[in-house]
**Student:** 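Before we start, here is the structure in question, set down as structure tokens.
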Amino acid sequence: MKFVYALAVFFLLSCKDSKTTVGSTILKVDLSEKSVAMSELFDKIVVVPLETKDSSFIIRPQKIIVDKNEYFVFDEGIPAVLVFDDRGRLLRKIGKKGQGPGEYREIYDAVVNRADNRVYMLSPFGSIYCYTLAGEFIKKIELPMKANYQTMEEFDKEHFVTWTIPSSLEEPGVSLVSKDSVKEVKGFWYENRILNSQNPRVFYQYDKRTYFSTPFHNEVYTIGKDSLQVSYRWDFGKDNIDLKKAGFTLTPDKEQEEDKLLLQYLLDSTIPYILSRQQQNDKFYYAKLTFGFRIWKNLFYRKKDGKSFFFEKTAEGIPLRLLAFNNDYLICLVNNDDFENYKQVLPEEEYRKLEQRLEDDNPCLIKFYFK
């Protein structure tokens with residue numbers, strides 16, 4: 001009888017998830033670090049000093065959305081969206097923590113839609129706060145009742161796509177939500193909770209498509225209205241992670257025990273890394289690998305020839321703390337401790353912008369233009 005029940009659950013979850021792998025690309029990479037000079041990836045670097053005011057002090061930025069020469073900096077620590085112009089001058093602040101109309105307790109993500117004059121801000125408690133680009137509060141949207149809303153994107157004109165940490169195998173992690181009815185119209189990714197709890201930044205958009213990835217799977221999926229399709233897959237050879245080989249059963253009855261074990265294994269490097277962020281543009285596939293919760297390493301895979309670049313810092317000693325990624329450039333923040341390393345790669349005029357910063361100033365944006 002147990003066998004029949006297990007078989008029924010297997011078929012139920014298989015029908016729900018609708019994952020396909022036809023025609024996916026395999027990216028083979030050796031995770032051996034080699035020296036990578038800035039000039040191998042980038043041909044221009046521009047510094048944008050962010051204006052410092054009491055109302056604009058950056059605490060814990062999570063992403064930057066670039067739109068029409070404006071930088072929408074989503075800061076989870078404030079939490080709010082700070083909007084700067086292309087010279088770094090503060091234009092406005094969108095959103096406010098509090099208990100009044102249009103205010104919130106926490107915000108975990110933000111999306112900008114200039115065509116509709118909207119900024120959407122996601123609360124982990126199941127609400128989207130909707131503002132104009134000028135920062136005027138419009139309305140609060142109540143999402144389907146779930147715990148732990150983590151991140152979102154606009155899937156198309158009619159739908160949001162959201163990511164939650166599922167409470168059971170019966171609950172999807174990825175949900176397509178109708179903007180009109182605010183109901184879930186399709187769910188994907190019915191997986192064990194511990195596989196979903198280490199990385200909230202699971203979506204990115206490229207070429208009018210939305211992509212989805214998780215910390216312990218090498219596959220990156222394209223999200224469709226009816227299915228997830230594997231778009232590409234990383235192959236790290238001997239460095240691929242297999243949780244089952246590490247002793248994980250991934251069964252519901254072992255979830256609490258294995259959740260604690262996973263944290264221990266990540267801290268002591270029994271499981272060396274997680275895939276904590278993914279992106280792509282016309283030239284590169286990109287992944288950020290986080291080792292032991294402390295060390296970030298960057299992986300660029302060049303599309304035209306399959307050459308890979310894997311490093312924690314460039315040959316000049318520069319870390320890439322990625323916050324935005326598009327076809328032309330990526331954007332990072334630079335703190336005072338790293339200024340000296342930029343002296344050898346920046347033109348004198350650009351480096352002077354760093355020299356003029358005070359210790360308590362906001363960080364600078366650094367735009368690295370791809371070769």
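Residue numbers start at 1 and run along the sequence shown. Computed from a prediction, not measured in an experiment: that's the story for all the values here.
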**Student:** Compute whether any side-chain donor of one residue and acceptor of the other, for Ser175 and Lys146, lie under 3.5 angstrom apart.
**Tutor:**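 Their side chains do contain a donor-acceptor pair, which is all the 3.5 Å distance test asks for.
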**Student:** Once you round to the nearest 0.5 Å, how far does OG of Ser127 lie from CD1 of Ile141?
**Tutor:**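 Going from the OG atom of Ser127 to the CD1 atom of Ile141 covers 9.5 Å.
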**Student:** Which value, rounded to the nearest 0.5 Å, describes the distance between Leu365 atom CG and Phe84 atom CZ?
**Tutor:**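 It comes to 7.5 Å.
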**Student:** Looking at every heavy atom in both Ile78 and Leu82, which two are closest together, and how far apart are they?
**Tutor:**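 Minimum heavy-atom contact is CD1-CD1, 3.7 Å.
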**Student:** Is it the case that the side chain of Asn335 and the backbone of Asp337 share a donor-acceptor pair, with hydrogens and angles ignored and the cut-off at 3.5 Å?
**Tutor:**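 Checked: no pair found.
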**Student:** CD of Gln256: more than 12 outside heavy atoms within 6.0 angstrom?
**Tutor:**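 No, because the 6.0 Å sphere around CD of Gln256 holds 12 heavy atoms or fewer from other groups.
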**Student:** Indicate yes or no: does Asp338 engage Lys313 in a salt bridge with an N to O separation below 4.0 Å.
**Tutor:**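 Salt bridge: no.
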**Student:** In this structure, would Leu41 and Phe368 fall into the same cluster of hydrophobic residues linked by side-chain contacts under 4.5 Å?
**Tutor:**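 Yes.
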**Student:** Begin with the C-alpha distance, continue with both residues' side-chain angles, and end with the deciding distance and a verdict on salt bridge (charged side-chain N to carboxylate O under 4.0 Å, His left out) for Arg60 and Glu76.
**Tutor:** CA-CA 6 Å; Arg60 196 166 66 248; Glu76 190 178 79; 3.5 Å; yes
**Student:** Step through the shown structure and confirm whether more than 12 heavy atoms of other residues, nucleotides or ligands are within 6.0 Å of CD1 on Ile59.
**Tutor:**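 Yes, CD1 of Ile59 has more than 12 neighbouring heavy atoms, counting only those of other groups under 6.0 Å.
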**Student:** Is any side-chain heavy atom of Val177 less than 4.5 Å from a side-chain heavy atom of Pro144?
**Tutor:**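 Touching, per the 4.5 Å side-chain cut-off.
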**Student:** In sequence, state the C-alpha distance, the side-chain angles, and the governing distance for Gln280 and Tyr301, and then conclude on side-chain hydrogen bond (donor to acceptor under 3.5 Å, both in side chains).
**Tutor:** CA-CA 9 Å; Gln280 70 169 303; Tyr301 183 99; over 6 Å; no
**Student:** With ring pair (Phe, Tyr, Trp, His ring centres under 6.0 Å) as the test, would you mind laying out the steps for Phe160 and Tyr120 before giving the verdict?
**Tutor:** CA-CA 10 Å; Phe160 297 113; Tyr120 299 106; 5.0 Å; yes
**Student:** Hydrophobic clustering (ILVMFWY, side-chain heavy atoms < 4.5 Å, transitive) - are Val111 and Ile107 grouped together?
**Tutor:**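 Shared cluster, no.
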**Student:** Less than 4.5 Å apart, side chain to side chain, heavy atoms only: is that true for Pro215 and Leu275?
**Tutor:**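 They are not in contact (no side-chain heavy atoms under 4.5 Å apart), so the answer is no.
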**Student:** For salt bridge (charged side-chain N to carboxylate O under 4.0 Å, His left out), just list the numbers for Asp109 and Lys63, CA-CA rounded to whole Å, side-chain angles, deciding distance to a tenth of an Å, and then say yes or no.
**Tutor:** CA-CA 8 Å; Asp109 203 0; Lys63 68 191 286 189; 3.1 Å; yes
**Student:** Regarding Glu258 and Thr249, do their side chains bring together a donor and an acceptor under 3.5 Å, going by distance alone?
**Tutor:**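 Their side chains do contain a donor-acceptor pair, which is all the 3.5 Å distance test asks for.
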**Student:** Determine whether more than 12 heavy atoms belonging to other residues, nucleotides or ligands lie under 6.0 Å from atom CZ of Arg105.
**Tutor:**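 Atom CZ in Arg105 is not packed in, count stays at 12 or less.
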**Student:** For the residue pair Asn192 and Leu250, what are the closest heavy atoms and their distance?
**Tutor:**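 The answer is ND2-O, 3.0 Å.
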**Student:** Could Lys303 and Tyr285 be counted as a cation-pi pair, given that NZ or CZ must be under 6.0 Å from the ring centre and within 45° of the axis?
**Tutor:**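 Yes, cation above the ring, under 6.0 Å and within 45°.
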**Student:** Would you say the side-chain atoms of Ser32 and Asp30 include a donor-acceptor pair closer than 3.5 Å?
**Tutor:**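 Judged by distance alone, the side chains do pair up.
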**Student:** Are Phe188 and Phe212 close enough that their ring centers fall under 6.0 Å?
**Tutor:**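 Between Phe212 and Phe188, which both carry aromatic rings, the centre distance is not below 6.0 Å.
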**Student:** Is there a donor-acceptor pair closer than 3.5 Å between any side-chain N or O of Asn327 and the backbone N or O of Asp282?
**Tutor:**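 Yes.
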**Student:** Around atom NZ of Lys96, are there more than 12 heavy atoms of other residues, nucleotides or ligands at under 6.0 Å?
**Tutor:**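 No.
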**Student:** Would a 4.5 Å heavy-atom cut-off, applied to side chains only, mark Lys288 and Thr290 as touching?
**Tutor:**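 Yes, close enough: below the 4.5 Å cut-off.
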**Student:** Salt-bridged, Glu312 to Lys297, with N to O below 4.0 Å?
**Tutor:**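 Lys297 and Glu312: not salt-bridged.
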**Student:** Using a 6.0 Å distance limit plus a 45 degree cone around the ring axis, check whether Arg357 lies over the aromatic ring of Phe339.
**Tutor:**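 No.
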**Student:** Between Glu184 and Pro172, which heavy-atom pair has the shortest distance, and what is it?
**Tutor:**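 Minimum heavy-atom contact is OE1-CG, 3.8 Å.
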**Student:** Can you measure from CG (Asn117) to SG (Cys130) and round to the nearest 0.5 angstrom?
**Tutor:**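 Those atoms lie 9.0 Å apart.
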**Student:** Could you grab the distance from atom CG of Leu261 to atom CZ of Phe248, nearest 0.5 Å is fine?
**Tutor:**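 Reported to 0.5 Å precision, the distance equals 4.0 Å.
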**Student:** Establish whether Phe370 and Ile318 are linked, either directly or via other cluster members, by ILVMFWY side-chain heavy-atom contacts under 4.5 Å.
**Tutor:**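 Yes, Phe370 and Ile318 fall within the same hydrophobic cluster.
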**Student:** Just checking, any donor-acceptor pair under 3.5 angstrom between side chains of Asp235 and Asn240?
**Tutor:**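 There is such a pair (donor and acceptor under 3.5 Å, judged by atom type) between the side chains of Asp235 and Asn240.
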**Student:** Per the side chain to side chain contact (heavy atoms under 4.5 Å, CB included) rule, which among Asn362, Thr52, Asp361 passes with Ile58?
**Tutor:**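 It is Asn362; the other options fail the test.
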**Student:** Any idea how Phe236 and Trp234 line up, ring-wise: parallel (<30°), tilted (30 to 60°), or perpendicular (>60°)?
**Tutor:**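 Rings of Phe236 and Trp234: parallel, under 30°.
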**Student:** Please check if any side-chain donor atom of Thr314 sits under 3.5 Å from a side-chain acceptor atom of Glu316, or the reverse.
**Tutor:**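 Present: a donor and an acceptor within the cut-off.
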**Student:** At their closest point, which heavy atom of Leu267 faces which heavy atom of Arg294, and how far apart are they?
**Tutor:**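 Nearest heavy atoms, Leu267 then Arg294: O-NH2, 3.9 Å.
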**Student:** For Asn341 versus Gly317, what's the shortest heavy-atom pair and its separation?
**Tutor:**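 Nearest pair, atom of Asn341 first, then Gly317: ND2-O, 3.1 Å.
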**Student:** Does the side chain of Gln279 come within less than 4.5 Å of Asn281's, by heavy atoms?
**Tutor:**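 No, their side chains stay 4.5 Å or more apart.
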**Student:** Return the minimal non-hydrogen interatomic distance between Leu133 and Val119, and the atom names on each side.
**Tutor:**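 Residues Leu133 and Val119, closest heavy atoms: CD2-CG2, 3.6 Å.
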**Student:** To the nearest 0.5 Å, tell me how far Tyr71 OH sits from Ile64 CD1.
**Tutor:**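 Between Tyr71 OH and Ile64 CD1, I get 8.5 Å after rounding to 0.5 Å.
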**Student:** Within a radius of less than 6.0 Å around CD of Glu355, do more than 12 heavy atoms belonging to other residues, nucleotides or ligands occur?
**Tutor:**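 Buried by this count: over 12 neighbours within 6.0 Å.
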**Student:** Have a look at Arg352 and tell me which of Glu349, Glu350, Gln356, Glu348 forms a side chain to side chain donor-acceptor pair (under 3.5 Å) with it.
**Tutor:**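 The option that passes is Glu348.
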**Student:** Honestly curious: do Leu323 and Ile45 fall in one hydrophobic cluster under the side-chain, below-4.5 Å linking rule?
**Tutor:**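 In one cluster with Leu323: Ile45, no.
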**Student:** Rounded to the nearest 0.5 Å, what's the gap from OG1 on Thr214 to CH2 on Trp189? Could you check?
**Tutor:**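 Reported value, rounded in 0.5 Å steps: 4.5 Å.
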**Student:** Classify the angle between the aromatic ring planes of Tyr104 and Tyr131 as parallel (below 30°), tilted (30 to 60°) or perpendicular (above 60°).
**Tutor:**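 If you compare the ring of Tyr104 with that of Tyr131, the planes turn out perpendicular.
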**Student:** Check step by step if side-chain hydrogen bond (donor to acceptor under 3.5 Å, both in side chains) holds for Asp180 and Ser178.
**Tutor:** CA-CA 5 Å; Asp180 288 336; Ser178 167; 5.0 Å; no
**Student:** Tyr286 versus Leu330: any side-chain heavy-atom pair under 4.5 Å?
**Tutor:**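 SC-SC contact between Tyr286 and Leu330 ruled out.
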**Student:** Would Gln62 and Tyr108 count as having a side-chain donor-acceptor pair, cut-off 3.5 Å?
**Tutor:**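 There is no such pair (donor and acceptor under 3.5 Å, judged by atom type) between the side chains of Gln62 and Tyr108.
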**Student:** Is any NZ, NE, NH1 or NH2 atom of the basic residue among Glu40 and Arg302 found under 4.0 Å from an Asp or Glu carboxylate oxygen of the other?
**Tutor:**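 Here Glu40 does not pair with Arg302 in a salt bridge, since their nearest N and O are not under 4.0 Å apart.
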**Student:** Within a reach of under 6.0 Å around CZ of Arg209, are more than 12 heavy atoms found that belong to other residues, nucleotides or ligands?
**Tutor:**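 Atom CZ in Arg209 is not crowded, with 12 or fewer foreign heavy atoms closer than 6.0 Å.
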**Student:** Can you tell whether the side chains of Glu154 and Arg118 come within less than 4.0 Å, N to carboxylate O?
**Tutor:**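 No, this pair does not count.
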**Student:** Quick check against the 3.5 Å criterion: does Glu51 have a side-chain atom that pairs as donor or acceptor with the backbone of Leu90?
**Tutor:**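 Indeed, once roles are kept as given, a pair shorter than 3.5 Å links the two residues.
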**Student:** Tell me whether Leu354 shares a hydrophobic cluster with Ile331, the cluster being built from Ile, Leu, Val, Met, Phe, Trp, Tyr side chains joined at under 4.5 Å.
**Tutor:**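 No, Leu354 and Ile331 fall in different hydrophobic clusters.
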**Student:** For Thr132 and Ala134, indicate whether the former's side chain and the latter's backbone hold a donor-acceptor pair under 3.5 Å.
**Tutor:**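 Judged by distance alone, yes, a pair lies under 3.5 Å.
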**Student:** Is any side-chain heavy atom of Lys367 closer than 4.5 Å to one of Val48?
**Tutor:**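 Heavy-atom side-chain distance check passes, below 4.5 Å.
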**Student:** Measure the acute angle between the ring planes of Phe42 and Phe300, then classify it against the limits of 30° and 60° as parallel, tilted or perpendicular.
**Tutor:**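 Ring orientation, 0 to 90° scale: perpendicular.
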**Student:** Could you label the plane-to-plane angle of the Tyr211 and Tyr206 rings as parallel, tilted or perpendicular, counting under 30° as parallel and over 60° as perpendicular?
**Tutor:**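 Rings of Tyr211 and Tyr206: tilted, 30 to 60°.
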